[in-house]
Amino acid sequence: MRGLAIRVGAVAAIVGGVVLVGGAQQRPADPQDPRIGLKAGLFDAGVAARNMELTATLPRPRGFFDPAQPAGEPSGPERPEPALADGTGAAAPAALAVPAAPAAGQPAGPRPGTPPARGGLDFANSDLAFAGTRMWVGNFHGFNTYDIEDARKPTLLASIVCPGGQGDVSVWGNLLFMSVEQTRGRIDCGVQGVPETVSKERFRGVRIFDISDLRKPRQVAAVQTCRGSHTHTLVPDGKDPSRIFVYGSGTGSVRPGEELEGCSGEEPDQDENTALFSIDVIEVPLAAPQHARIVNRPRIFADETTGAIAGLWKGGDHGPGTQRTSVTNQCHDITVFPERGLAAGACSGNGILMDISDPVHPKRLDAVVDRNFAYWHSATFNNDGTKVLFTDEWGGGTRPRCRATDLPNWGANAIFDIVDGKMQFKGYYKMPAPQTDTENCVAHNGSLIPVPGRDIMVQGWYQGGLSVFDFTDSANPVEIAFFDRGPLDQTQLITGGYWSTYWYNGHIYASEIARGIDVFRLTPGEFLSQHEIDAAMLVRHDEFNAQQQPKVAWPATAVVAKAYVDQLNRAKAIQPERAKAVVAAMDRAEGMRSSRDRNAATVVQQLDTLAGQLETDAAAAAGRDQARLKALAETLKGRAARLK
Amino acid sequence: MRPVHPAARSVACVILGVTMPTTITRLIALGLVAAAAAACRSASVAGGPGLIQPGAPGQEGRTVSVADATDLSKVRFTPADVRFMQGMIGHHQQAIEMAALLPSRTSREDMKLLGKRIDVSQVDEIRMMQDWLRARGQTLPDPHAHHQPGATLMPGMLTQEEMARLEAATGVAFDRLFLEGMIKHHAGALTMVRELFAEPGAGQDGDIFAFASDVEADQQMEIDRMGALLRELQR
């Protein structure tokens, strides 16, 4: 989410009819798609789902919505809204009628600052974090903690009021981290804002809570930053477990130096110490988080040869018929992949790849631009670390950008292969069902679904619902499951929909800006087998923050082998006899615990023989089939090893 | 689907929790009370566990009521916010009027494209600002008010004389005047954002904060692009 401004308005009008060059483009929308024409409503909207099932839903708790506007504030351009109906419509003071002008047929309204309170983004749900059986749901107004031990019945454990937006959350042990960017944010979590333009009460940056007592979190640190924290990313220190780092990404205006020393919002030619063109690296000593502090503001956009700090995309379009891309003076979001020592920064005008083996001094390896991208928003690696997918938040998240008239390569994902530390563009993916003009819709946050042998991701598209897609073939991503509701409102655009949809320990959890939280399970179908789902369910994390991507390894079990066999069968890349033999041998092994089991030696021999044959098959195969045959052979060998 | 009011549940918990008088019933009561306690625990979870507001680092938190937690009256829009939105509508309208001169006066394709971009983005933003004002019951300014004699001009706006000079120019002279004028015009928008954030209480409304921040980023970007075009012309 970036906000209210129309970054590029009605651009389809300009480029209408212009065929854009630039990589693979998915097939056109299916006019029979069940997501078309869904009934509008806050809690009674029409629903369409394929290959997945909604298992639980909870509305936002009390304290996290405006009773007068439970859905949020309409912002739609379609029709004028009548004046507020609460009777407080006192004539506007004359001083407000600047510039002096005849009212264009609109009645004067209430005095600024008077009720009724309106929704807007003030109570929007935002990002998610997980640990054990707990889920934290960030909100522009604070955060909520849920017990998800029974994914079918999530229950609210605690509601924490602490406004400041966006409220993105991450968890690490007993610490919860939260991003704050708005000028209304207060150090003491107050809801009254900070009217003074310079104030020690204002807080913009990263809050740290001790959540040892889930029901009564204590704020232990509040690290102030110049631009606030729009998002943040936890970065473990591989060498020193006593501390972690936080990459803070600020996108808002720079506050005055009088409020926070050293802050300057000047362009680099005016002030080389500008707070623009950097990220904040915060060090957090885990035993004393109250001493968390900024230890670096690396110039990760610097020109490699001249050293000029504004070294990447300068802003603007890429020629006729192309998107207008924002200037790279900030990162919107950074995803780290610690096992590979890599980070992918979605940084306004560029996607950048960084080496973070020294987390305090991230080093840029590569930077890409894309003529179809308006605003580089977030990134996800595949599990091998051989691909990176970036999202484009065209329209800032509050505008409808999935209409039939919107280009399928705009506001989409761009998928890159990583080859020798460089990114090579392969293809785009955009949720394919056309949405209405009262549904804000564009690519947003998602995570991998850990199906072995495939690259699968679940992703929120705001009011475009959620889409599960396979990008194993980077140039030809395919949708395999979806869920969508009708718009919040038939006639007005009210900001809503999925902010984040993440897979965690067997289920998909989704934060809906206006409607609360949803939990889903995948169901098998032509694109995904039960074995593949079961294999994904085996993967368990103690903690999960989507921006801190874990590398997944699957156990050598029958269900994992069967998942590979299903994939090889689907691709007709395994002899049917071989497939049957693999399944039979893994099933026989399933009930055995050690070499002392009867027939263990026989099964070990069978598994080893089959593994050898699969390796031979693999040598004759290529690409993805070869990789799956090898992985299947490894699974068999791993299983055999446990019986030796 | 709405959350159940916690008060409705707590009443039931209190009634069930009354202790029984006799010894025999005490045993039954123990069971009942235990059941009631369990019911009340789960009820309090379903109805909401209560709202906690942490304190500043090192300070104690406190329980807050729903009414206090959702009282955003102090961070609502201010007269300065309204003036900013109202003023920015006229400001944007002038950019549209300037861009409308491009097709007949410039021969450069990149200038024509620039004009189209300015046109669509400013039209859409004007609509958004009008929605913002309308949703808050505020007066919608006439976008053309700046044509009236003696009208107050927002920072960076061209005077009527400057507009007339631009209209009279053609070719490279026009291109140069246009870029200089539009750079000045956009710089005025940045001034307006700075002045907004310099007003006590302004920019606290989340939507205003987001819009003003984006105006700042977008206009700065366009200034940089136009500056590059202008340098090209002067070569």
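In what follows, chains are A, B, ... by sequence order, proteins preceding strands, each numbered from 1. Since this is a predicted model, take the numbers as computed values, not measurements.
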**Q** So which heavy atom on A/R204 is nearest to which on B/F209, and how close?
**A** NH2-CZ, 3.7 Å

**Q** Check whether A/T328 gets within reach of chain B through its side chain, its backbone, both or neither, counting any heavy atom under 4.5 Å.
**A** neither

**Q** Are there more than 12 heavy atoms of other residues, nucleotides or ligands under 6.0 Å from atom NZ of A/K314?
**A** yes

**Q** So does A/C189 get a backbone contact from the side chain of B/Q53, meaning a donor-acceptor N/O pair under 3.5 Å?
**A** yes

**Q** If you compare all heavy atoms of B/D71 against all heavy atoms of A/V191, which two are closest, and at what distance to 0.1 Å?
**A** O-CG2, 3.5 Å

**Q** Can you say whether A/A221 sits under 4.5 Å from chain B via the side chain, the backbone, both, or neither, judging by heavy atoms?
**A** backbone

**Q** State plainly whether the residues B/R117 and A/D317 are in salt-bridge range, i.e. N to O under 4.0 Å.
**A** yes

**Q** Examine whether an atom of A/F209 lies under 4.5 Å from a heavy atom of chain B, and if so say whether it belongs to the side chain, the backbone or both; otherwise answer neither.
**A** side chain

**Q** Report the distance from atom CE of B/M128 to atom CG of A/L493, rounding to the nearest 0.5 Å.
**A** 12.5 Å

**Q** So which part of B/D110 gets closer than 4.5 Å to some heavy atom of chain A, the side chain, the backbone, both or neither?
**A** neither

**Q** At a 4.5 Å cut-off on heavy atoms, which part of B/E222 comes close to chain A: side chain, backbone, both, or neither?
**A** side chain

**Q** Does B/A69 offer a backbone N or O that forms a donor-acceptor pair with the side chain of A/H141 under 3.5 Å?
**A** yes

**Q** Considering only heavy atoms and a distance below 4.5 Å, find which of A/D147, A/N144, A/V194, A/V327 pairs most often with chain B.
**A** A/V194

**Q** State whether the side chain of A/Q182 and the backbone N or O of B/Q204 hold a donor-acceptor pair below 3.5 Å, judged by distance alone.
**A** no

**Q** Please give me the minimum heavy-atom distance between B/E216 and A/S253, naming the atom from each residue.
**A** OE1-CB, 3.3 Å

**Q** Using every non-hydrogen atom in the two residues, find where A/G63 and B/L51 come nearest and quote the distance to one decimal.
**A** CA-CD1, 4.0 Å

**Q** Examine whether an atom of A/R227 lies under 4.5 Å from a heavy atom of chain B, and if so say whether it belongs to the side chain, the backbone or both; otherwise answer neither.
**A** neither

**Q** Which atoms of A/V220 come close to chain B, meaning under 4.5 Å heavy atom to heavy atom: side chain ones, backbone ones, both, or neither?
**A** backbone

**Q** Considering only heavy atoms, which portion of B/E109 lies under 4.5 Å from any heavy atom of chain A: side chain, backbone, both, or neither?
**A** neither

**Q** Nearest 0.5 angstrom please: A/T197 OG1 to B/L196 CG, how far?
**A** 11.0 Å

**Q** For B/F197, is it the side chain, the backbone, both, or neither that has a heavy atom closer than 4.5 Å to a heavy atom of chain A?
**A** both

**Q** For A/R218, I'd like to know if atom CZ has over 12 heavy atoms of other residues, nucleotides or ligands within 6.0 Å.
**A** no

**Q** Between A/R184 and B/L72, does the side chain to side chain contact (heavy atoms under 4.5 Å, CB included) criterion hold? Intermediate values first, please.
**A** CA-CA 10 Å; A/R184 70 162 163 151; B/L72 297 189; 4.1 Å; yes

**Q** What's the shortest heavy-atom distance between A/D122 and B/R76, and which atoms?
**A** OD2-NH1, 3.1 Å

**Q** Quick check: closest heavy atoms across B/G203 and A/T183, and the distance to 0.1 Å?
**A** O-OG1, 2.8 Å

**Q** Who wins among A/Q192, A/Q219, A/R207 for the most heavy-atom pairs under 4.5 Å with chain B?
**A** A/Q219

**Q** Taking A/Q290, A/K216, A/E267, A/E196 one by one, which has the highest count of heavy-atom pairs under 4.5 Å against chain B?
**A** A/E267

